[in-house]
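A short worksheet on the structure shown next.
Starting from 1, each residue takes its place in the sequence as its number.
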Amino acid sequence: MPDTRTQTRPKTEENSKSADSAETDSKATPEKQETPDEQETPEEKAEACGDLAPEPPEIVHHSPLEMPDRYSTKSIDRAANAHLARFTLGVTPYGMASTFFTWGAHLMGAPGKQAQLAEKAARKAMRFGVYTNQLTRDPNTPGCIEPLPHDHRFDHESWQQWPYNLIHQSFLLTQQWWYNAACDIDGVTERDEHVVSFVTRQMLDMASPSNFIATNPEVASATLNEGGGNLMRGMQNFLEDWERAISGKPAVGAEEFVPGRDVATTPGKVVFRTHLLELIQYAPQTDSVHAEPILIIPAWIMKYYILDLSPHNSLVGHLVEQGYTVFMVSWRNPTAEDRDMGMADYIDAVEEAFDAVGAIVPDQKVHGMGYCLGGTLMSAKAAQMARDGQDKLASLTLLATQVDFTEPGELQLFISESEVTFLENMMWDQGYLDTKQMAGAFQLLRSADLIWSRYTHDYLMGERQDMFDLMAWNDDATRLPYRMHSEYLRKLYLGNELAQGQYHIDEQPVTLDAIDVPLFCVSTTSDHIAPWQSVYKLHLLTEPSLTFVLTSGGHNAGIVSEPGHKGRSFHIHTTEEDDPYIPPETWETVAKPREGSWWPALVDWLNERSSGKTAPPKMGTGKGKYQPLEDAPGTYVFQK
């Protein structure tokens with residue numbers, strides 16, 4: 001039947017007469033007051049006017065601000081979830097339960113999948129039985145299943161001895177079966193499958209035979225040989241770690257890496273300070289410098305000195321030695337008082353940093369550089385400057401930076417509407433996202449390496465891993481303001497607004513294809529925070545010449561890749577503006593492989609885009625707004 005709600009009533013002569021007579025009747029007869037039951041409904045009024053009927057009430061949005069009783073009930077919800085989040089380290093149990101219900105319901109409705117899993121269980125049991133039978137005849141029989149390449153829990157030769165070979169082979173077969181059970185179920189999204197697989201992996205990692213004295217041959221042997229001395233040392237290690245954790249002290253050995261003394265030692269001055277940042281200008285180490293300075297925007301989730309670690313592996317020091325004037329932003333560690341600072345405040349802070357660099361090194365363009373979240377911020381700022389016709393950039397370098405978040409890697413397991421709402425409730429209560437709550441999520445992504453291997457090494461074996469600069473930096477985290485982190489997760493992760501040209505700066509959208517300066521982008525092969533295939537999407541969003549580097553290592557270690565670092569290698573390829581697009585699956589076959597560090601390649605690239613050498617600028621402006629305030633690394637880096 002056709003929908004008649006959109007049909008208007010033609011004003012025929014008969015209708016006009018009826019209207020006139022109705023008007024006469026209304027004048028002759030006193031108007032009758034309608035009772036509530038007789039009043040026209042919104043649908044009837046809309047139909048009388050020939051308009052579309054209103055939306056059904058179940059899909060009409062009602063703002064909580066329009067509901068007088070919603071504020072108090074919302075506060076109750078937030079308070080309850082905020083307290084719950086302290087026990088779950090910010091991971092929502094509601095979203096997890098919903099995901100497992102979806103997975104379980106679809107699995108119950110998939111008899112074919114159930115039959116497949118039963119068949120796989122029977123085949124694995126048969127493989128294990130055959131392997132057990134072969135062991136009785138040949139103790140050196142190779143295992144029936146190999147661990148994954150990154151799984152080193154069973155590398156020790158003692159795991160090949162009876163009964164430990166049977167124990168760890170049974171565990172690996174069980175682990176593989178659960179992966180098959182979590183994936184490839186009709187009606188379940190890929191993300192939900194990954195979440196189920198991730199959670200089951202956490203449970204299996206917890207029950208791994210490497211975590212127990214009786215089932216770990218290395219621990220059992222050490223316990224027998226030392227008469228339990230390893231367990232006594234492990235208990236002491238546990239008590240020391242527990243005391244440090246509850247008292248807010250750094251990890252054991254981290255106190256040996258103090259900014260300004262052991263790390264972040266490149267000489268410089270703080271030349272500008274606001275409530276949100278300190279700007280450090282590094283002292284020149286050459287008689288002449290390149291005319292264009294470098295401004296580095298690091299991530300504000302950690303301290304800036306990841307790029308200025310020890311003297312031998314400082315990217316800042318390397319650039320200064322190559323004749324560049326380098327400026328670095330050191331972000332403030334926010335407190336509850338900064339809860340209402342948003343993304344706009346951070347973008348404005350970058351604008352202030354550009355103004356300071358322009359005042360200290362006047363009449364010169366700037367080589368912009370951003371790392372991780374700082375690279376995302378720098379990309380948005382570069383797009384805004386291009387939109388507004390601000391010709392400030394000479395080039396743009398992005399390190400381990402995502403600008404398209406449709407495939408954010410394993411972090412997507414913690415990014416959903418349920419999870420973001422849960423985090424917002426927690427941050428609403430305390431005003432920020434705490435460092436321990438962030439660290440918990442990152443450790444879960446690599447629980448076998450970051451949690452259980454440490455548990456075995458430190459508490460069962462009673463040994464201590466030596467602290468080093470990168471590990472000490474990783475322990476020196478910062479907080480994230482409530483509003484900023486909420487906006488970042490909702491607009492960039494969930495909404496992917498920057499990649500879609502919907503992200504607004506100064507109330508107008510910015511588009512990455514407006515960037516008109518050459519780009520140098522570095523990604524790493526083992527990055528679980530910004531996977532290189534996701535970083536590679538920059539090719540689809542920008543038009544200028546783009547030099548892409550894929551280096552060995554992880555999100556942090558791959559960036560800290562000084563010349564002479566053993567085992568480092570990388571691929572590099574430049575895509576010019578008119579070159580056809582190369583998909584990531586075939587990019588490595590086109591890119592040139594090189595041994596060693598990618599830092600010299602960056603310097604060569606910057607040299608080609610610099611206008612020449614000049615005398616080093618003064619440290620700050622000497623007086624006024626940008627005069628030197630104190631020696632690097634400044635004050636904000638020490639905020640806890």
Side-chain angles (χ1 to χ4, degrees), residues 87-93 95-97 99-100 103-104 117 120-121 124 128 143-156 158-160 163-183 191-220 231 234 237-238 241-242 245 251 409-414 419 436-463 465 471 474 526-529 531 554-555:
F87 295 96
T88 65
L89 293 178
V91 178
T92 171
M96 202 73 69
T99 299
F100 268 84
W103 167 78
L117 291 176
K120 285 183 177 293
K124 292 182 188 304
F128 186 71
C144 60
I145 182 173
E146 293 294 327
L148 295 173
H150 63 269
D151 188 352
H152 302 289
R153 289 173 292 184
F154 311 112
D155 287 351
H156 196 270
S158 59
W159 284 103
Q160 306 308 318
Y164 303 108
N165 46 11
L166 291 178
I167 293 174
H168 93 270
Q169 287 288 292
S170 173
F171 172 79
L172 291 176
L173 288 169
T174 303
Q175 181 178 258
Q176 188 183 64
W177 184 90
W178 269 106
Y179 175 80
N180 293 328
C183 301
R191 181 194 174 277
D192 285 351
E193 290 181 350
H194 287 168
V195 170
V196 173
S197 177
F198 172 79
V199 174
T200 55
R201 191 177 78 228
Q202 302 307 310
M203 295 179 179
L204 289 169
D205 286 345
M206 188 183 305
S208 170
S210 62
N211 298 337
F212 302 95
I213 301 173
T215 55
N216 187 324
E218 298 176 77
V219 176
L231 299 181
N237 292 341
F238 171 77
D241 291 343
W242 179 75
E410 293 185 348
L411 274 183
Q412 69 177 326
L413 305 178
F414 298 101
E419 178 62 35
K436 295 179 182 179
Q437 292 154 345
M438 285 186 291
F442 287 118
Q443 287 178 345
L444 285 175
L445 294 177
R446 290 290 183 268
S447 61
D449 297 328
L450 300 179
I451 298 178
W452 299 113
S453 65
R454 181 187 174 190
Y455 161 81
T456 302
H457 184 270
D458 289 14
Y459 305 148
L460 297 185
M461 298 297 291
E463 301 173 356
Q465 182 179 1
M471 185 185 297
N474 192 64
S526 304
D527 196 331
H528 60 283
I529 297 174
H555 185 74

Contacts of His156 that satisfy side-chain hydrogen bond (donor to acceptor under 3.5 Å, both in side chains) - sequence neighbours left out: Ser158
Set of ring pair (Phe, Tyr, Trp, His ring centres under 6.0 Å) partners for Tyr455, sequence neighbours left out: Trp452
Residue list, side chain to side chain contact (heavy atoms under 4.5 Å, CB included) with Phe238, at least two apart or on another chain: Met235, Tyr459
Qualifying residues under side chain to side chain contact (heavy atoms under 4.5 Å, CB included), relative to Gln169, sequence neighbours excluded: Phe128, Tyr131, Cys144, Ile145, Leu172
Set of residues satisfying side chain to side chain contact (heavy atoms under 4.5 Å, CB included) with respect to Gln465, sequence neighbours excluded: His457, Phe468, Met471
Distance, nearest 0.5 Å, that separates CD1 of Ile529 from NE2 of His555: 4.5 Å
Value rounded to 0.5 Å, distance of CG in Asp151 from CZ in Arg153: 4.0 Å
With Phe100 via ring pair (Phe, Tyr, Trp, His ring centres under 6.0 Å) - residues at least two apart: Trp103
Side-chain heavy-atom pair His168, Gln160 within 4.5 angstrom cut-off: yes
OG on Ser210 to CD on Glu218, rounded to 0.5 Å: 9.0 Å
Any donor-acceptor pair under 3.5 Å from Trp178 side chain to Arg201 backbone: no
Partners meeting side chain to side chain contact (heavy atoms under 4.5 Å, CB included) with Pro209 (sequence neighbours left out): Phe154, Trp159, Ile167, Phe171, Thr215
Listed partners of Asp458 passing salt bridge (charged side-chain N to carboxylate O under 4.0 Å, His left out), at least two apart: Arg454, Arg464
Heavy-atom pair of closest approach, residues Val196 and Ala182: CG1-CB, 3.7 Å
Residues which pass side-chain hydrogen bond (donor to acceptor under 3.5 Å, both in side chains) with Thr99, listed by chain and number, not counting sequence neighbours: none
Value rounded to 0.5 Å, distance of CG in Asn216 from CG in Asn211: 8.0 Å
From Leu460 atom CG to Asn237 atom CG, the distance as rounded to the nearest 0.5 Å: 11.0 Å
Between OG on residue Ser197 and CD on residue Gln202, distance to nearest 0.5 Å: 9.5 Å
